[in-house]
Amino acid sequence: MEKVITKLTEKRVLFTASFVIRLALVAYGDYQDRTMVVKYTDIDYHVFTDAAAFITEGQSPYNRSTYRYTPLLALLLTPNIYLSMVFGKILFIVCDVLSGLLIYNILLLRGLGTETALRVCSLWLLNPLPIGVSSRGNAESILAALVLGTLLCMEARHLMWGAILYGLSVHMKIYPVTYALPIALSLRTTETRSEGKKGMKSLMRFIGSFLNRELFLFASVAAGVFCMLTALFYYMYGWEFLHETYLYHLTRRDIRHNFSPYFYMLYLTADCSWSLWLGLAAFLPQLILLLVASWAFHSDLSFCCFLHTAIFVSFNKVCTSQYFLWYLCLLPLVIPHLSLSMKQGVGLLLLWFAGQGLWLGPAYFLEFEGYNTFLWIWLAGLLFLIINSFILIQIVSHYKPTRTPQRLKVE
Amino acid sequence: MHFVLLSVLACLSSCHCWIERDEKNDNHCGLLKHWIESSLVSMEIIKRGFHREVETTVELSPDVHSGVKVLLLHRWPRGVYVDPYQLASLSDQSDWKILLDSAIDLEVPAHKTMGFVTFVYPTPDGPTPTLLKVTIPIHGRYHEPSFVGEMFTSVDIEPPELLLWTEKCMPLNNIEPHDVMEAPCTHHNSSSCQWVKQQHQPQERGPVSVQFPVGDGSFHIIFKLIWCEFSGTLGCFLSIQLSFSAHTSEAHDHTRASC
């Protein structure tokens, strides 16, 4: 068994096998779509393709109902129309495998040996969840690659490239904007401890620590990339671009059932005048935890970003299964620094799946059998939040801070 | 003299043609009336939950001519919707074609939208068979919560209206008591035609009722929900916060010890 694992995790074998598995599933998916009633391809893939088709006709991609992404994604998928419908899926699986490569390089920079790094990144490369998601035509792997690329550049202190990739990530999806605070905290000038200096002087020194060349460079390049793309697409598609790409997600209150424990409350109070205050109250725990996590863990940016994303997704007012990939792609960076045993790790994983299973049961009966299981779905969502919180606490409790590795330039 | 005779003959032959055409027209319209009166439309709703299928069966008279076009007009309530993209995909694989009268919002709840109309052309091209079957997938919308503790809400779906058209019965006459309705000739919606709408079915069938679950919007439920919600969330929040604090103080202790 050990020999098999060692063979599988040789770099060339691992990456080739990961790509071939995904390619095979893309081919199988095409067969299933043509021959079976239940389709393999995600409905989102058709949304992206339809939006790309509108772009090829010189129209707005937002003519496609439920297209709520950047026009950049539809532009990237125009070869679906000109070349082949399968182009997008190939792009997504390439980004998926690229994410594995980025994880490998980040782990090397964080001081792990080659063999250990390969074993850890196989948790992503051979994981059925990202394999299934990217081969079904979901675009999350593009964002995973961008976020991991940002972290790799930050780890290697290539700040310019890190800023460009970060600006691009935030343009593609809003949630990486939460990484701004830990990034800023990690780039600020670290002050030497001076006893007895409190109050205003300490505050001024703290604020002053943010005023340095590196942070200024990062902020201006990232903001520049984001603003440039926003301005370009606003010029091309107007208010609809801003609304569908950003504002809809910021103000989104999905009253239909999803993993969030808030969904039922939002459904029942959707037309109440005080629902806005409820929404704001629900936002507070998320915000405070993000601020505290940034302060407590900014010295290890990868770990901090993982915590940020897990907190953001778990406490969000809307939570669907594709959100899980946002923090799962960062988990391999965290695992080497956890003192959890294999048994504990597997136990937490099974608990996480059990939480989802307990939700999926009543959700299926509501949607496909017509039973009134709203209360059960809500309870399962609350339980899932408790499970996610427990897992996060276990991760934080068993986290061993990384020792400062030698900063190696990545070619 | 000859000229007058010729003129009278020409007049008489034109009148004869018109009368013959009118007679043929009357015959075809009479047939159309007979076909529409003897046609049967039945509807069945299958599957459960929020995703159903409406199966419509049309039995035409056995002597219906191949040139007759059929149109099924569905008037849908606001509690359901059809997915235009799903229909486009299904349409490619089946004989029937569908036209919607308005854009469909896939996500809005029932009480914030209106009903809509679909025009289904079971056999847009080719001869018309006497037995037609069309299956349309529909989806239930989320409804306003019940404030009186009801668990389900009913949505009534009317059977479709049957309309027939033939170019041989143009202009339409003698088709009473059936109404004439203007509707798109085909799913391309490039022109309008005068369709004959079936007035009464030989066996009149009422609407089919489907039930969808609704949330319980009673005050005490909302109150308990919010209380449990925020208690649970607060518990999780405090636990995570404590673990962060424990980690931070551990890190400070470690730093002091190494100094």
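These numbers were taken from a predicted model, which means no experiment stands behind them. In what follows, every chain begins at residue 1, and chains take the letters A, B, ... in the order their sequences are listed.
Proximity to chain B (any heavy atom under 4.5 Å) is shown, for Leu385(A), by both the backbone and the side chain. Heavy atoms closer than 4.5 Å to chain A are found in both the backbone and the side chain of Asp216(B). For a residue to count as touching a neighbouring chain, one of its non-hydrogen atoms must lie under 4.5 Å from one of that chain's; by this rule Lys47(B) does not touch chain A. Proximity to chain B is absent for every atom of Ser314(A), based on heavy atoms less than 4.5 angstrom apart. In this structure, no portion of Leu284(A) lies under 4.5 Å from any heavy atom of chain B. Residue contact with chain A, scored on non-hydrogen atoms closer than 4.5 Å, is absent for His139(B). Heavy atoms of Leu382(A) lying under 4.5 Å from chain B belong exclusively to its side chain. Using a 4.5 Å cut-off between heavy atoms, Tyr371(A) contacts chain B through its backbone alone, with no side-chain atom that close. Pro109(B) touches chain A through its side chain: at least one heavy atom from C-beta onward sits under 4.5 Å away, while N, CA, C and O do not.
Residues Phe230(B) and Met265(A) share a closest heavy-atom pair of CE1-SD, 4.0 Å. Contact record, His257(A) with Tyr142(B): ND1-OH, 2.8 Å, taken as the closest heavy-atom pair. Closest of all the heavy-atom pairs between Leu268(A) and Pro145(B) is CD2-CB, 3.7 Å.
Using modelled atom types, one side-chain atom of Asn372(A) and one backbone atom of Val214(B) make a donor-acceptor pair closer than 3.5 Å. Between the side chain of Tyr85(B) and the main chain of Arg64(A), no donor-acceptor pair closer than 3.5 Å is present.
Atom CD1 of Ile43(A) and atom CD of Gln86(B) lie 7.5 Å apart (nearest 0.5 Å). Note that the OH atom of Tyr267(A) and the CD atom of Glu144(B) stand 8.5 Å from one another [nearest 0.5 Å]. Within the model, atoms CE of Met151(B) and CZ of Phe374(A) stand 10.0 Å from one another, a figure rounded to the nearest 0.5 Å. Taken to the nearest 0.5 Å, the CD1 atom of Ile240(B) stands 12.5 Å off from the CD1 atom of Ile288(A).
Atom CZ of Arg68(A) sits in a crowded spot, with more than 12 heavy atoms from other residues, nucleotides or ligands closer than 6.0 Å. Within a 6.0 Å radius of CZ in Phe390(A), other residues, nucleotides and ligands contribute 12 heavy atoms or fewer. Residue-environment remark: CE (Met36(A)) exceeds the threshold of 12 foreign heavy atoms within 6.0 Å.
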- Item | side chain to side chain contact (heavy atoms under 4.5 Å, CB included) between Tyr262(A) and Thr233(B), intermediate numbers included | CA-CA 10 Å; Tyr262(A) 296 114; Thr233(B) 313; 3.1 Å; yes

- Go through Glu107(B) and Thr66(A) one step at a time and tell me if the side chain to side chain contact (heavy atoms under 4.5 Å, CB included) criterion holds. CA-CA 9 Å; Glu107(B) 296 167 329; Thr66(A) 72; 4.1 Å; yes

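A side-chain hydrogen bond (donor to acceptor under 3.5 Å, both in side chains) check over residues 377-396 of chain A, counting only residues at least two apart or in different chains, returns the pairs Trp352(A)-Asn388(A), Trp378(A)-Glu229(B).
Only one option out of Leu289(A), Ile387(A), Ile386(A) pairs with Cys236(B) in a side-chain contact (heavy atoms from CB on, under 4.5 Å); it is Ile386(A).
Note: Lys112(B) leads Arg52(B), Gln211(B), Lys112(B) in heavy-atom pairs under 4.5 Å with chain A.
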